Amino acid sequence: MELQVKTDIAERIASISVSSTMRVSAEAERLRAQGVDVVDFGAGEPDFPTPDNIKRAAMRAIEQNFTKYTNAGGTLELKQAVCERHAHDFGTAYQPSECLITVGGKHVIFNLTQALLNPGDEVVIPVPYWVTYKDVVNYAGAKCVFVDTDEDQGFTLTAAMIEPYLTARTKIVLINSPANPSGAVLDREEFEKIYRMTSRRGIFLMTDECYCHFLYDSEPFSIASLPGAKETVLVAGSLSKTYAMTGWRIGFGLAPAPVIGALLKLQSHSTSNPTSIAQKAAVEALRGPQESVEIMLAEYRKRRDFIVARLRAIPGVRCAEPKGAFYAYPNIGVAFKNGISSSVQFAEKLLEKAAVAVVPGEAFGTDRHVRISYATSMHELERGLERIHRFIVEQ
Ligand SMILES: Cc1ncc(COP(=O)(O)O)c(C=O)c1O
């Protein structure tokens with residue numbers, strides 16, 4: 001009898017899709033390889049190099065043969081550095097036993113959702129949301145409960161918007177402030193109200209602090225700094241954007257010790273430790289000079305002001321002002337005509353006709369917007385915005 005090899009893909013993989021942000025970058029890359037002069041606003045990645053002191057720490061690590069396995073959950077030295085920096089910046093009081101080092105911020109979000117969610121559990125996610133949240137919740141077999149925000153209010157979230165969606169099945173409320181893709185920042189008082197609402201009901205409040213240092217009008221804040229908050233708050237952190245270290249892949253989780261134990265169990269059977277060399281670099285990033293963060297923020301602010309004004313100068317385009325992160329999320333519904341009726345079609349045509357890569361809003365839960373990353377040079381912003389303007393006017 002002939003052996004039948006089963007090649008079907010597992011059902012849980014069918015429940016997720018390829019990250020649209022990565023799809024856009026891949027398509028832009030393909031066109032560039034063909035010689036097309038593409039302006040790429042797709043990637044959510046600082047255009048700044050990793051600061052020299054961080055790079056030197058990695059070189060030292062190699063020279064000193066710090067190139068072996070570390071503890072699967074990261075070195076004690078790095079956990080201490082994470083806890084110290086979080087305490088210094090936000091006034092929290094985490095111990096290394098409440099910390100896990102992961103392979104980027106995405107990894108801790110993946111680990112948290114897989115380790116905490118059972119099928120049927122609900123996760124409350126404000127819209128627009130970062131694309132990965134939906135897929136990792138689906139992958140865990142849990143259910144996303146989406147909460148709309150108001151574009152006219154700059155997509156800002158309030159506790160009153162969340163409350164009607166809390167049920168006996170709600171396990172996690174997931175907040176990302178400043179938000180990708182809208183740049184919206186959750187008002188501190190509202191954040192505290194959401195914390196009280198969730199902790200009272202025994203619901204985890206997960207806070208994705210990936211962009212926490214890139215704020216234009218307010219001071220960095222962590223909800224984990226409230227007295228008692230450590231019991232129900234789950235912090236997902238990343239060094240990727242703060243220190244222009246996207247390729248190094250270092251993130252971290254701060255959570256109650258039993259949760260960290262569960263994440264570690266999962267991590268010990270998947271990635272094991274994040275790269276030893278990158279961990280040494282991360283210690284330097286957290287303990288060394290912090291000026292580079294200020295310099296990047298000042299540059300992002302200039303670009304934000306430019307891009308918002310430039311988008312608003314395009315007839316019919318609306319753009320809420322981002323209060324943090326480095327994305328603009330304009331409403332381009334005015335261009336929905338002549339064969340374009342969705343953000344995906346808009347992004348495809350824009351890439352094909354004007355050679356500008358943006359991410360369709362469909363990936364973030366709204367379909368009349370696109371995400372433009374302004375973590376790119378002023379020169380690229382000027383060129384790209386000129387092309388977008390012409391494309392929309394001629395559409
Ligand atoms: C909202 C948000 N959270 C987390 C991450 C994770 O970043 P990384 O895995 O590169 O550290 C990103 C990256 O784009 C993000 O936009």
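We count residues from 1, following the sequence as given. Everything numeric here is computed off the predicted structure, so don't read it as measured data.
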TODO: Could you walk me through whether Tyr94 and Phe252 pass ring-ring contact (aromatic ring centres under 6.0 Å, His included), step by step?
DONE: CA-CA 12 Å; Tyr94 283 102; Phe252 59 87; 9.3 Å; no
Task: Steps toward salt bridge (Lys or Arg N to Asp or Glu O under 4.0 Å) verdict (Glu299, Lys302) - done: CA-CA 5 Å; Glu299 190 56 38; Lys302 263 192 261 164; 3.3 Å; yes
Task: Asp187/Lys193 under salt bridge (Lys or Arg N to Asp or Glu O under 4.0 Å): CA gap, chis, key distance, verdict - done: CA-CA 10 Å; Asp187 175 73; Lys193 275 192 212 163; over 6 Å; no
TODO: Walk me through it: do Tyr327 and Tyr211 pass the test ring-ring contact (aromatic ring centres under 6.0 Å, His included)?
DONE: CA-CA 11 Å; Tyr327 307 105; Tyr211 300 95; 5.6 Å; yes
TODO: Apply the test salt bridge (Lys or Arg N to Asp or Glu O under 4.0 Å) to residues Glu77 and Lys280: give CA-CA distance (whole Å), side-chain angles for both, the deciding distance (0.1 Å), then the verdict.
DONE: CA-CA 9 Å; Glu77 182 190 30; Lys280 279 286 185 192; 3.0 Å; yes
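Note that CD1 of Ile194 is 7.0 Å distant from OG1 of Thr158, once rounded to the nearest 0.5 Å. Note that CG of Asp135 is 12.5 Å distant from CD1 of Ile109, once rounded to the nearest 0.5 Å. The CD1 atom of Ile125 lies 10.5 Å from the CD1 atom of Ile175; values are rounded to the nearest 0.5 Å. Note that the CG atom of Asp152 and the CZ atom of Arg318 stand 5.5 Å from one another [nearest 0.5 Å]. Remark: Leu186 CG to Asn176 CG distance equals 10.5 Å, nearest 0.5 Å. Remark: Arg387 CZ to Asp37 CG distance equals 4.5 Å, nearest 0.5 Å.
A side-chain donor from one of His389 and Arg310 sits under 3.5 Å from a side-chain acceptor of the other. Side-chain contact of Asp367 with Ser342: a donor-acceptor pair under 3.5 Å is absent, judged by distance alone. Side-chain polar atoms of Tyr216 and Lys323 form no donor-acceptor pair below 3.5 angstrom. Using modelled atom types, one finds no donor on one side chain facing an acceptor on the other under 3.5 Å when comparing Tyr133 with Thr113. Residues Thr92 and His86 bring a donor and an acceptor atom of their side chains to less than 3.5 Å of each other. If you check the side chains of Thr167 and Glu122, you find a donor sitting under 3.5 Å from an acceptor. At a cut-off of 3.5 Å, with distance as the only test, a side-chain donor of Gln290 or Tyr243 sits close to an acceptor on the other residue. In this model, a donor atom of one side chain and an acceptor atom of the other lie less than 3.5 Å apart for Arg371 and Asn180. For the residue pair Thr50/Trp248, the side-chain donor-acceptor check at 3.5 Å is satisfied. Under the 3.5 Å distance criterion, with hydrogens and angles disregarded, a donor-acceptor pair is assigned to the side chains of Gln279 and Thr70.
Nearest heavy atom pair, residue Phe326 against residue Ala375, reads CD1-CB, 3.7 Å. Nearest heavy atoms, Gly339 versus Gln345: O-OE1, 3.4 Å. The shortest heavy-atom contact between Ala325 and Tyr374 is O-OH, 3.3 Å. Pairing each heavy atom of Ala142 with each of Asp121, the nearest pair is CB-O, 3.2 Å. Between Val334 and Pro315, the closest heavy-atom pair is CG1-O, 3.9 Å. When all heavy atoms of Gln267 and Ala72 are compared, the pair lying nearest together is NE2-O, 2.9 Å.
Val259 is connected to Val137 through a chain of hydrophobic side-chain contacts under 4.5 Å among Ile, Leu, Val, Met, Phe, Trp and Tyr, so both are in one cluster. A continuous path of ILVMFWY side-chain contacts below 4.5 Å connects Val147 to Ile223, so both sit in one hydrophobic cluster. Linking Ile, Leu, Val, Met, Phe, Trp and Tyr residues whenever their side-chain heavy atoms come within less than 4.5 Å leaves Val173 and Trp130 in two separate clusters. Under the 4.5 Å side-chain heavy-atom criterion for ILVMFWY residues, a single connected hydrophobic cluster contains both Ile340 and Ile332.
When ring centroids are compared, Phe364 and Tyr129 stay outside the 6.0 Å threshold. Tyr139 and Phe110 have their aromatic ring centers within a separation under 6.0 angstrom. Ring-centre distance between Phe90 and Phe221: not below the 6.0 Å cut-off. The distance between the ring centers of Tyr300 and Phe48 falls below 6.0 angstrom. Ring-centre distance between Tyr165 and Phe146: not below the 6.0 Å cut-off. For an aromatic pair to be called close, the ring centres must be under 6.0 Å apart, and His369 with Phe155 satisfies this.
More than 12 heavy atoms of other shown residues, nucleotides or ligands fall within 6.0 angstrom of atom CZ in Arg201. For Glu11, the CD atom is loosely surrounded, since the number of other residues' heavy atoms within 6.0 Å does not exceed 12. Counting heavy-atom neighbours within 6.0 Å of Lys55 NZ, excluding the residue itself, gives a total above 12.
Arg30 has a carboxylate O that lies under 4.0 Å from a charged side-chain N of Glu27, or vice versa, which qualifies the two as a salt bridge. Ion pairing between Glu386 and Arg383 fails under the 4.0 Å rule for side-chain N and carboxylate O. With respect to the salt-bridge test (charged N to carboxylate O, under 4.0 angstrom), the residues Glu352 and Lys349 do not qualify.
Using a 4.5 Å cut-off on side-chain heavy atoms (C-beta onward), Val358 and Pro360 make no contact.
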